[in-house]
Amino acid sequence: MKYDFAEIEKKWQAVWEREKPFRAETGSEKPKFYGLIEFPYPSGQGLHVGHPRPFTAMDIVTRKKRMEGYNVLFPIGFDAFGLPTENYAIKNHVHPAAVTRQNIANFTRQLKMLGYGFDWDRVVDTTDPDYYKWTQWIFLQLYKHGLAYKTTMPVNWCTSCKCVLANEEVVEGVCERCGAPVIRKEKSQWMLKITEYAQRLIDDLDDVDFIERVKTQQRNWIGRSTGAEVTFKATTGDDIVVFTTRPDTLFGATYMVLSPEHALIKKWMPLLKNAPEVQEYQRIAASKSDMERTELNKEKTGVKLDGVRGVNPVNGREIPIFISDYVLATYGTGAIMAVPAHDDRDWEFAKKFGCEIIEVVSGGEDVQKAAFTAKDETGIMVNSEFLNGLTVKDAIPVITKWLEEKGIGKAKVNFKLRDWVFSRQRYWGEPIPMVWCDKCGWVPLPESELPLKLPEVDSYEPTDDGESPLSKMTDWVNTTCPHCGGPARRETDTMPQWAGSSWYFLRYMDPHNDKALASKEALDYWSPVDWYNGGMEHTTLHLLYSRFWHKFLYDIGVVPTKEPYQKRTSHGMILGEGGEKMSKSRGNVVNPDDVVKSCGADTLRLYIMFIGDFEQAAAWSDNAVKGCKRFLDRIWNLAENRIDGPETCSHANEAAVHRTIKKVGEDIEAMKFNTAIAAMMGLVNDFYDHAPSRGDIKALLQLLSPFAPHIAEELWERQGFEGYASTSAWPRYDESKMAESEKEIAIQINGKLRATATVPVDADDETVLTIVKAQEKVARALEGMEIVKSIVIKNKLVNLILRPAK
RNA sequence: GCGGGCAUGGUGUAAUGGCAGCCACGGUGGUCUUAGGAGCCACUGGAGAGAUCCGUGCAGGUUCGAAUCCUGUUGCCCGCACCA
């Protein structure tokens, strides 16, 4: 009979639906294992072939863990709030909730079609009021602990989404989602104080097992730098506080620069002889979009303040003050001391505006020609009075202490990380549970009134005036103040997409709880997530946000661990045939439905894992899929009919079977799925040379089961093995059975491969050398030569170093 | 500019100090066949009739031995980007 994948996959999916063999049991005596994948956004297009890569990988890991005796939690859900759904709803005049329901149904069908061992009783949906009740609850806790606040500030505004964006959502000056230009807009926004956790978000990376590039990217994004804050006086008597990482170069500060938005400029304006010029510069800087600001970063611009000067506190020298947009209002104090001799940007600016360049660290080239920026031991302080003769490294603590004693400065740590802009002017998101009362100010909704549900509205259109569509819903907006009972208005902005995903992994632990986001028992039992795999694109978004929320929940005693995820890995992207990104416009999109229809889910699963290094991007190839289908066909041919006999390995295949068990097991743990599959293919090739015994086949089906669960289950049943392959005990290997009795070793002469020889395994050096020297080619090479040195690497190689005999 | 990564047959890749190319795709030939775009078998890095020689982006180095380690260099990809 032919391998009828369609029939087989349907059959076993029905069995799993009925018998729920992948259900997780909170509180089980077995050791727990919590494997997590990023829950998908249920888009109208359905599953992309990119999805099965991480999903199948974690399915393989968790299926193996289950076979090894773990109580496995492998859940799935839907991150369903978001703009595409809202836009689709607007265009087609349907409610976003209806669109979401449809899309989730389609995703569910596709995920089941691929045979994943999810616990389907724990599905979460971020748009379900029973779920977002707790998202709102967490927001209220953040508010109560002073970590949520509303403020008016210039924010990133996407001109197409008509919505504000977090810093993390702006990529190269354009909207991460739609690619439209981002401009600055002054708006009143809810903010979350992620900066409060900046240091801990860095420090605690030391305690978790994240792949290194994730840690590095998070550290860079948080951007910790240590230095000092120093107070300069202005000739007006005002204090100008600057931040510097190089307080050692203070004697070389020959001018100062303020950001165009700096508050002192307004105060000084009447004193400035060139006030119109300064105002013009401010106006231009303010009108630049982020993209223009980055594009125009080639040449420095600026204006000198004519009428006010600064005073260098270390030597009392008067120095000029400039404004320039190379100093950012949002970082440090928005003002810098410029040391052109030892900073590339200051040097460039000084050259253009004719500022003095004074060397204070010797050891580099002429500072009139280029800045000398080394801050290690190579530089020695000069022209710096009491710092002279010290290295940069030694000078920093000396000057910092001096500044502190004089009361003009102190050590200071700065972060690039900004607070998280948490409001979105859109309909399809969690309502922010806050009420504005003219008497009481912002008042949080009582927890008993959660969830605050989204009202039914006629139009979800975003507005050009920057208000949320909810603001038009006067019935919903007008309410009473929970504090004084007077008339009040609800907040009409909604939460960003990242809210619901910041804690969903906790909800999986206890998804139907209506008393708490999850019970303490479930949180204690399942925390932390043991292994979380997801995309690199979420490193500075979801991953950072959810670590922040988790740390907060830990601080208020809700969760038992400091970190949500013990281990984090990441997969590469699946590209279209030819190596380009898959997109509708290129017409190279592969639909999983089509692949499953033509080759089956097991083949798709195998191929997507065999495609290449899991962490690397890989290009889809229709041809290569066939190889995986062929592999399953070959297994089918071997095992479709019952093989009788004892359940032990055959003599001919025993070593290969045990080696493959070891290899596949280790490769799954190391996410080297491609080589695990290659090893199984090798074993099947062996089985074509030496017919497999009942035991050989049993081991193969068990190894195959996590990768291609349907066919493994079907053949398991046909062979009449007990129970199910997917719940059988993962096979063990025996080192002693892996070794062959003989090994072919390489023979090198003076480091060059010259011959091979077959020697008994683990033979001692002398025996090996005797056999080697008896080789004809070796004997020939030895004529007239003497052996200077023999290197014997057990079971691998012999290298003879020869020279002419005297 | 800073940070991270990658470079191996016609293709995807494997080997992390020890016989370069496991496993696949593609290709060539054979076999079975009414037929084969199915299956099975064999071959498949390059040059050479062959013995052999050459070969892991490039140039050096360490080593008995380097795709692998070190130094330099080129190219590509990703992240951040005037962060003081």
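Every chain is numbered from 1 and lettered A, B, ... according to where its sequence line falls, protein lines coming before strand lines. Values reported hereafter were calculated over all heavy atoms of this structure, with side chains retained and with hydrogens, waters and symmetry mates removed.
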>> Once you apply a heavy-atom cut-off of 4.0 Å, does A:Thr330 come out as touching a base, just sugar-phosphate, or nothing?
In response: nothing

>> Within a 6.0 Å radius of atom NZ on A:Lys351, are there more than 12 heavy atoms belonging to other residues, nucleotides or ligands?
In response: yes

> Just by distance, with hydrogens left out, do A:Glu38 and A:His538 show a side-chain donor and acceptor under 3.5 Å apart?
Replying inline: yes

>> Please classify the nucleic acid contact of A:Glu615 as base, sugar-phosphate, or nothing, using heavy-atom distances under 4.0 Å.
In response: nothing

>> Taking the minimum atom-to-atom distance to the side chain of A:Asn623, which one of B:rC19, B:rA15, B:rG26 wins?
In response: B:rG26

>> Just to be sure I understand the rule, does A:Phe610 reach a base, reach only the sugar-phosphate, or reach nothing, if contact means heavy atoms closer than 4.0 Å?
In response: base

> Checking salt bridge (Lys or Arg N to Asp or Glu O under 4.0 Å) for the pair A:Arg53/A:Asp613: CA distance, chi angles, key distance, verdict?
Replying inline: CA-CA 11 Å; A:Arg53 201 180 201 192; A:Asp613 186 320; over 6 Å; no

>> Taking the P atom in each of B:rG26 and B:rG37, what is the distance between them to the nearest angstrom?
In response: 13 Å

>> Dot-bracket, 5' to 3', for RNA chain B please: Watson-Crick or G-U pairs under 3.5 Å, [ ] where pairs cross earlier ones, | where the partner sits on another strand, dots elsewhere.
In response: (((((((..(((.....[....)))((((((.......))))))(((....)))..(((((..]....))))))))))))....

>> Whole angstroms only, please: what is the NZ-C1' distance between A:Lys794 and B:rG17?
In response: 19 Å

> To the nearest Å, how far apart are A:Asp622 CG and B:rG12 C1'?
Replying inline: 14 Å

>> Tell me whether A:Arg605 forms a cation-pi arrangement with A:Phe707, defined as NZ or CZ under 6.0 Å from the six-membered ring centre and within 45 degrees of its axis.
In response: no

>> Please evaluate residues A:Lys662 and A:Glu669 with respect to the criterion salt bridge (Lys or Arg N to Asp or Glu O under 4.0 Å), reporting the C-alpha separation (whole Å), side-chain torsions for both, the decisive distance (0.1 Å), and the verdict.
In response: CA-CA 11 Å; A:Lys662 179 171 198 263; A:Glu669 294 296 328; over 6 Å; no

>> Can you tell me which nucleotide in B:rC23, B:rA84, B:rA14 comes closest to the side chain of A:Leu328?
In response: B:rA84

> When we call it a touch if two heavy atoms are under 4.0 Å apart, what does A:Lys416 touch: a base, just sugar-phosphate, or nothing?
Replying inline: base

>> Is it the case that B:rC82 (base atoms only) and A:Lys300 (side chain only) share a donor and an acceptor within less than 3.5 Å, ignoring hydrogens and angles?
In response: yes

>> How many whole angstroms separate atom CD of A:Glu537 from atom C1' of B:rC77?
In response: 15 Å

>> Testing the 3.5 Å rule here: is there a donor-acceptor pair between the side chains of A:Tyr326 and A:Asp346?
In response: yes

> With side chains defined as the heavy atoms from C-beta onward, is the minimum distance between A:Val392 and A:Ile396 less than 4.5 Å?
Replying inline: yes

> How far, in whole Å, is B:rA20 from B:rG57 if one measures between their P atoms?
Replying inline: 16 Å

>> Can you identify which nucleotide, out of B:rC82, B:rA84, B:rC80, has its nearest atom closest to the A:Trp221 side chain?
In response: B:rC80

> Considering only side-chain heavy atoms of A:Ala678, which listed nucleotide, B:rG18, B:rU52, B:rC22, is closest?
Replying inline: B:rC22

N/O contacts under 3.5 Å, protein versus nucleotides 38-43 of chain B?
unit_1	atom_1	unit_2	atom_2	d
B:rG39	OP1	A:Arg630	NE	3.4
B:rC40	OP1	A:Arg634	NH1	2.8

> What integer distance in Å separates A:Lys629:NZ from B:rG37:P?
Replying inline: 17 Å

>> Counting the atoms with a prime plus P, OP1 and OP2 as sugar-phosphate, which does A:Asn674 contact under 4.0 Å by heavy atoms, base, sugar-phosphate, or nothing?
In response: sugar-phosphate

> Using atom P of each nucleotide, how far apart are B:rG55 and B:rG60 to the nearest Å?
Replying inline: 12 Å

Distances for protein N or O near nucleotides 64-68 of chain B N or O, under 3.5 Å:
unit_1	atom_1	unit_2	atom_2	d
B:rC64	O2'	A:Asn799	ND2	3.2
B:rC64	O2	A:Asn799	ND2	2.5

> Using a distance-only test with no angle check, is there a side-chain donor-acceptor pair under 3.5 angstrom linking A:Asn414 and A:Ser225?
Replying inline: no

> When you compare B:rA47 with B:rG1, how far apart are their P atoms, in angstrom units rounded to a whole number?
Replying inline: 42 Å

> Taking only residues two or more places apart in sequence or in another chain, which ones pass ring-ring contact (aromatic ring centres under 6.0 Å, His included) with A:Tyr331?
Replying inline: none

> Do you see a donor-acceptor pair shorter than 3.5 Å between the side chains of A:Thr569 and A:Asn533?
Replying inline: yes

>> Side chains of A:Thr756 and A:Glu744: any donor to acceptor distance under 3.5 Å?
In response: yes

> Taking for each residue the nucleotide of RNA chain B with the nearest heavy atom, is it A:Glu744 or A:Gly612 whose nucleotide lies nearer the 5' end?
Replying inline: A:Gly612

>> Heavy atoms only, 4.0 Å cut-off, all strands: where does A:Arg754 land among base, sugar-phosphate and nothing?
In response: sugar-phosphate

> Which nucleotide in the list B:rC80, B:rC25, B:rC23 gets nearest to the side chain of A:Asn685?
Replying inline: B:rC23

>> For A:Asp344 and A:Ala746, find the nucleotide of RNA chain B closest to each by heavy atoms; which residue's nucleotide sits nearer the 5' end?
In response: A:Asp344

>> Tell me every residue that passes ring-ring contact (aromatic ring centres under 6.0 Å, His included) with A:Tyr607, counting only those two or more places apart in sequence or in another chain.
In response: A:Trp620

>> Classify A:Ser621 by what it touches in the nucleic acid, base, sugar-phosphate, or nothing, heavy-atom distance under 4.0 Å.
In response: nothing

What pairs of nitrogen or oxygen atoms, one from the protein and one from nucleotides 2-9 of chain B, lie under 3.5 Å apart?
unit_1	atom_1	unit_2	atom_2	d
B:rG3	O2'	A:Asn220	ND2	3.4

> Within this structure, what is the CZ-to-P distance between A:Arg224 and B:rA84, rounded to whole angstrom?
Replying inline: 12 Å

>> Going by the glycosidic torsion and a 90 degree boundary from 0, is the base of B:rG9 oriented syn or anti?
In response: syn

>> Atom CD of residue position A:Glu766 - does it have more than 12 heavy atoms of other residues, nucleotides or ligands inside 6.0 Å?
In response: no

> How long is the line joining CG of A:Asp343 and C1' of B:rG1, in whole Å?
Replying inline: 12 Å

> Quantified in whole Å, what is the P atom distance between nucleotide B:rG72 and nucleotide B:rC23?
Replying inline: 39 Å

> Can you tell me how far C1' of B:rA84 sits from CZ of A:Phe415, to the nearest Å?
Replying inline: 16 Å

> Contact class for A:Lys777 (heavy atom, under 4.0 Å): base, sugar-phosphate, or nothing?
Replying inline: sugar-phosphate

> Can you tell me how far C1' in B:rG61 sits from the matching atom in B:rG17, rounded to whole Å?
Replying inline: 16 Å

>> Could you check whether A:Tyr255 and A:Phe349 have their ring centres less than 6.0 Å apart?
In response: yes

> If you measure only the distance, is there a donor-acceptor pair under 3.5 Å linking the side chains of A:Gln775 and A:Arg780?
Replying inline: no

> Would you say the side chains of A:Arg754 and A:Gln748 form a donor-acceptor pair under 3.5 Å?
Replying inline: no

>> What is the distance, to the nearest angstrom, from the CD1 atom on A:Ile336 to the P atom on B:rC82?
In response: 13 Å

> When we call it a touch if two heavy atoms are under 4.0 Å apart, what does A:Lys672 touch: a base, just sugar-phosphate, or nothing?
Replying inline: sugar-phosphate

>> Among B:rG26, B:rA84, B:rA20, which nucleotide has an atom closest to any side-chain atom of A:Leu753?
In response: B:rA20

> With rounding to whole Å, what would you report as the distance between B:rA67 and B:rC22 at their C1' atoms?
Replying inline: 15 Å

> Roughly how far apart, to the nearest Å, are B:rU13 and B:rA84 at atom C1'?
Replying inline: 46 Å

>> Between A:Arg213 and A:Glu615 (salt bridge meaning N to carboxylate O under 4.0 Å), is one present in this structure?
In response: yes

